[in-house]
Amino acid sequence: MGSNGDVVTLKAATDCVLKISFNSIENALQYSEYDLKLMNLNEDLIEEHFIDYKTKIQLSAVLFSKISKDLLQFSEKVQVSCVNKTIIFKSACKEKTGIMNFSDTSKDLSIKEKIVIQSENDVKQYFSIKLINKAIKATSISKIVNIYLKTGHPMSECY
C-alpha cells in the first residue's frame, strides 16, 4: 500500500510473466495493470555482455565532452580510430571535415591532464555522435572517462 492509500499488487501469472496492478483507493475507476516478462538469464547470454575490449583510452571527461560537441558540427557520425598509441576522432560531410588527434601522454610529466592509451591492436569504427553526446551528460559526475573499443563491437564509455 502506498503512502496515499493506493494498492500495488505483484502476482506471478506464469513462470515468465509477473502481473503488476495499481488500484486507487480514492477513485475506483483508476486501475492499471501491466505484464512484465521475465528473462531467464543463462551463462551464454551473460557472457555476450562482457566484451574483452582490446583498446582502452583514458582522458578528461571535459575534453571528451568538448570533442563530441565540436565534431557534431560536421556530421552525425564520427570515426574513432586508435593507431600506434594515437586516438583519432574524425567527422566529415561533403563541405567540411573535423579531425582531432591525441597521443598517449601518460609518460609526460609536464602535462596535467593525461591521456592514457592502452591498445593491443589498431581499431577503426564509426559511431553515432548523437549517442555519444547523450553519454557525455555524465561529465559532471566524473573527471575521467574510460573509452573501450574493439572492432565490431559498440564503444563503451565509463565515467
Go through Ile87 and Leu59 one step at a time and tell me if the side chain to side chain contact (heavy atoms under 4.5 Å, CB included) criterion holds.
CA-CA 11 Å; Ile87 184 81; Leu59 67 149; over 6 Å; no
Assess whether side chain to side chain contact (heavy atoms under 4.5 Å, CB included) is satisfied between Phe89 and Asp70, documenting all intermediate values.
CA-CA 11 Å; Phe89 297 93; Asp70 288 351; over 6 Å; no
Under the side chain to side chain contact (heavy atoms under 4.5 Å, CB included) rule, what do Leu63 and Ile115 come out as? Steps first, then yes or no, please.
CA-CA 10 Å; Leu63 175 60; Ile115 297 173; 4.0 Å; yes
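The only option from Ile147, Val123, Val80 that meets the side chain to side chain contact (heavy atoms under 4.5 Å, CB included) definition with Thr55 turns out to be Val123.
Taken from OG in Ser68 to CE in Met100, the straight-line distance is 9.0 Å, to the nearest 0.5 Å. Distance CZ/Phe127 to CD/Gln79: 10.0 Å, rounded to 0.5 Å. Annotation: the span from Ser60 atom OG to Phe102 atom CZ amounts to 10.0 Å, rounded to 0.5 Å. With rounding to the nearest 0.5 angstrom, the CG atom of Asn84 is 10.0 Å from the OG atom of Ser103.
In this structure, Val62 is not a member of the same hydrophobic cluster as Phe64, with clusters built from ILVMFWY side-chain heavy atoms closer than 4.5 Å.
Here the closest heavy-atom approach between residue Ser75 and residue Ile129 is recorded as O-CG2, 3.3 Å. Summarising the geometry of Ser81 relative to Lys124, their closest heavy-atom pair is OG-CG, 3.5 Å, with the distance given to 0.1 Å. Here the shortest heavy-atom pairing between Ile144 and Ser142 reads O-OG, 2.8 Å. When all heavy atoms are compared, the tightest approach of Ile132 to Val78 is CD1-CG1, 3.7 Å. What you find for Ala92 and Thr97 is that their closest heavy atoms are CB-OG1, 3.6 Å. In terms of heavy-atom proximity, Gly98 sits nearest to Leu71 at O-CD2, 3.6 Å.
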Would you be so kind as to tabulate the donor-acceptor pairs closer than 3.5 Å made by side chains of residues 149-159, with sequence neighbours excluded?
| residue | atom | partner | partner atom | Å |
| --- | --- | --- | --- | --- |
| His153 | ND1 | Thr151 | O | 3.3 |

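Partners of Gln118 according to the side chain to side chain contact (heavy atoms under 4.5 Å, CB included) rule, which considers only residues two or more places apart in sequence or in another chain, are Lys56, Val116. Residues passing the side-chain hydrogen bond (donor to acceptor under 3.5 Å, both in side chains) test with Glu76 are Lys130, sequence neighbours excluded. Looking at residues two or more places apart in sequence or on another chain, you find a side chain to side chain contact (heavy atoms under 4.5 Å, CB included) between Lys69 and Ser65, Asn133, Ile136.
Through direct or relayed side-chain contacts under 4.5 Å between Ile, Leu, Val, Met, Phe, Trp and Tyr, Ile88 connects to Ile99.
Among pairs with a residue in residues 84-99, those fulfilling salt bridge (Lys or Arg N to Asp or Glu O under 4.0 Å) read Lys85-Asp104, at least two apart in sequence or across chains.
The closest donor-acceptor contact from the side chain of Ser91 to the backbone of Lys77 lies under 3.5 Å.
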